[in-house]
Protein chains: 2
Amino acid sequence: MIEAAERQLASSSDHEIATRAVCEAVGVSQPVLYRLFGDKRGLLDAVADHGYERYAALKAAQERTGDPVADLHAGWDGHMAFAQANPALYQLMFTPRPWSHSTARDRVTDLLVAALTRCAAAGALKLEPRAAAQLILSANIGTALDHIARPALFEDPAPSRRMRDAVFSHVLTETSARQDADPLRTAALRLRAQLQLGGIEALEPVETALLQRWLERIAQP
Amino acid sequence: MIEAAERQLASSSDHEIATRAVCEAVGVSQPVLYRLFGDKRGLLDAVADHGYERYAALKAAQERTGDPVADLHAGWDGHMAFAQANPALYQLMFTPRPWSHSTARDRVTDLLVAALTRCAAAGALKLEPRAAAQLILSANIGTALDHIARPALFEDPAPSRRMRDAVFSHVLTETSARQDADPLRTAALRLRAQLQLGGIEALEPVETALLQRWLERIAQP
DNA sequence: TCTGCCATGCGATCAATGATACCGCCAGAG
DNA sequence: CTCTGGCGGTATCATTGATCGCATGGCAGA
């Protein structure tokens with residue numbers, strides 16, 4: 001019945017379900033639903049918790065590559081992929097509902113805390129795991145909801161990657177590998193911004209123009 | 001009528017409104033509502049857009065202190081305060097609804113882009129304004145929704161501040177660089193250091209050599 | 001094997017709500 | 001004065017969340 005509800009939730013255009021339709025799809029009548037879940041809210045909570053099971057299974061299948069920081073990155077991307085694959089379920093799980101008793105979000109937080117604790121064990125964490133988890137999860141949900149609102153965004157990996165880098169660089173200690181990821185490009189971008197901001201006396205105008213074009217070439221991915 | 005709907009939305013426990021109740025509160029009958037807004041969705045869209053007006057008024061009242069970066073920080077905090085003061089309206093405005101025609105979020109994005117463009121004019125922005133706005137707004141909404149789900153979080157300013165710092169430090173140039181007496185020279189020095197550190201593929205060797213000499217000329221006192 | 005009980009499911013129904021068809025009223029044009 | 005068009009209201013429909021009382025079937029115990 002939970003799965004029927006989830007299917008109807010995914011196929012409905014307004015992300016709503018009708019208890020009647022769910023019962024008919026399963027072949028029972030309404031009172032059994034109210035006997036099992038007590039309420040429509042109860043059914044939705046059960047759907048959300050079931051969604052967490054799928055989410056946790058996805059996580060368990062992909063995590064633990066040995067490098068906890070790499071696992072963290074994969075976890076972020078997996079979260080976004082889950083949101084893209086199940087938009088309605090995702091909103092049910094991660095959007096605040098005033099009366100929800102679902103523990104989906106808390107349990108996802110616990111998963112994230114565990115992953116972050118592994119990072120902390122490797123000496124890669126600047127904040128305490130719970131605070132870091134709250135930060136990362138909020139950013140991840142915010143980005144995913146934005147992408148759900150405008151699904152075209154899923155095509156471009158840049159926004160998600162930017163947010164991921166912003167949050168992780170604030171939470172993780174700067175390992176030499178991450179620090180040297182692409183310092184050349186950032187330096188080029190910085191110099192180009194300075195050139196555009198103010199003039200430059202050390203070079204001739206023609207040289208400045210050529211330098212600009214070179215910097216653009218350096219800065220391009 | 002929009003204000004009545006907003007009041008009912010704020011006082012309702014489940015963040016829902018009944019068209020009947022709104023009409024009764026105003027003293028008209030249902031068909032006028034459907035004549036004015038066409039739909040319950042239309043009414044909610046109108047409420048969301050009206051919420052944007054209040055939001056924009058709040059922004060206009062507090063912005064422009066002279067320092068665009070300080071304004072940006074104040075804008076983040078004001079956004080959080082708005083969410084705390086109007087949780088139901090906030091969710092209506094910023095939570096994805098499948099059929100919504102409200103432009104509230106887009107217009108908030110435009111406000112943010114304007115504020116970021118002022119930062120860019122001051123040389124304080126690393127990304128292009130639209131990308132930065134998308135990043136900041138997603139993080140802001142994600143944090144606000146988290147706080148709405150657990151209102152106790154509003155008591156502790158740390159989570160919001162952490163997220164704000166994380167995102168802003170990724171979007172804005174470092175204050176030390178901005179306060180630097182000669183940012184152009186330091187940027188040139190930094191790029192030159194990067195060039196010497198590792199190779200470069202985007203430029204031909206001859207071009208690289210010439211770039212090196214230019215950078216030296218820029219960096220010379 | 002029979003009997004009584006209890007849990008489970010169901011038809012019927014209620015209440016609330018979104019949405020609409022149709023009627024009446026009133027202002028303004030002719 | 002009459003006609004017409006727009007505006008609002010009454011009554012109503014359809015959908016949906018939620019509940020009541022009954023039937024039925026399985027199981028424990030005599």
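The figures that follow rest on heavy atoms only: side chains count, while hydrogens, waters and symmetry mates do not. Chain naming here is simple, since letters A, B, ... match the order of the sequence lines and numbering starts at 1 in each.
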For [X], ring-ring contact (aromatic ring centres under 6.0 Å, His included) partners two or more places apart:
| X | result |
| --- | --- |
| A:H101 | none |
| B:H147 | B:F154 |
| B:F37 | none |

> Are the side chain of A:T95 and the backbone of A:L92 linked by a donor-acceptor contact shorter than 3.5 Å?
Replying inline: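 No: the side chain of A:T95 does not pair with the backbone of A:L92.
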
> Quick one: does A:K59's side chain have a donor or acceptor within less than 3.5 Å of a partner on A:L112's backbone?
Replying inline: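 Such a contact is absent between A:K59 side chain and A:L112 backbone.
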
>> Going by the rule side-chain hydrogen bond (donor to acceptor under 3.5 Å, both in side chains), which residues pair with B:H170 if we only count those two or more places apart in sequence or in a different chain?
In response: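 Testing B:H170 for side-chain hydrogen bond (donor to acceptor under 3.5 Å, both in side chains), a comparison that skips the adjacent residues, returns none.
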
> Looking at residues at least two apart in the chain, or sitting in another chain, which of them share a side-chain hydrogen bond (donor to acceptor under 3.5 Å, both in side chains) with B:T19?
Replying inline: B:Q30

> Do NZ/NE/NH1/NH2 and the carboxylate oxygens of A:R41 and A:D45 come within less than 4.0 Å?
Replying inline: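 Salt bridge: no.
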
> Would you call the rings of B:W76 and B:F168 parallel, tilted or perpendicular if under 30° counts as parallel and over 60° as perpendicular?
Replying inline: perpendicular

>> With a 6.0 Å cut-off on the ring centroids, do B:Y90 and B:H79 count as close?
In response: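 B:Y90 vs B:H79: aromatic centres under 6.0 Å.
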
> Counting only non-hydrogen atoms, which of residues 25-35 of chain A are less than 4.0 Å from DNA chain C?
Replying inline: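 Nucleic-acid contacts, sorted: A:G27, A:V28, A:S29, A:P31, A:V32, A:R35.
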
> By a strict heavy-atom criterion of less than 4.0 Å, which residues belonging to residues 37-48 of chain A are in contact with DNA chain C?
Replying inline: none

> Among all residues two or more places apart in sequence or in another chain, which pass the side-chain contact (heavy atoms from CB on, under 4.5 Å) test with A:R107?
Replying inline: A:D49, A:Y52, A:E53, A:T103

>> Need two values: the first and the last nucleotide of DNA chain D, 5' to 3', having an atom under 4.0 Å from any heavy-atom of chain B.
In response: D:dG8 to D:dT12

>> What is the first contacted nucleotide of DNA chain C and what is the last, in 5' to 3' order, if contact means an atom lying under 4.0 angstrom from a heavy atom of chain B?
In response: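 For DNA chain C, the relevant span reads C:dT17 to C:dA21.
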
Review item, side-chain donor-acceptor pairs of residues 129-138 of chain A, under 3.5 Å, at least two apart:
residue: A:S138; atom: OG; partner: A:Q134; partner atom: O; Å: 3.0
residue: A:S138; atom: OG; partner: B:D146; partner atom: OD2; Å: 3.2

> Would the number of heavy atoms belonging to other residues, nucleotides or ligands and lying under 6.0 Å from CD of B:E3 be above 12?
Replying inline: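 Not more than 12 within 6.0 Å, no.
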
> Do other residues, nucleotides or ligands put more than 12 heavy atoms under 6.0 Å from the CZ atom of A:R150?
Replying inline: yes

> Going by number, which of residues 2-16 of chain B have a non-hydrogen atom under 4.0 Å from DNA chain D?
Replying inline: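 Result for residues 2-16 of chain B: none.
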
> For the residue pair A:L9 and A:H15, what are the closest heavy atoms and their distance?
Replying inline: CD1-O, 3.5 Å

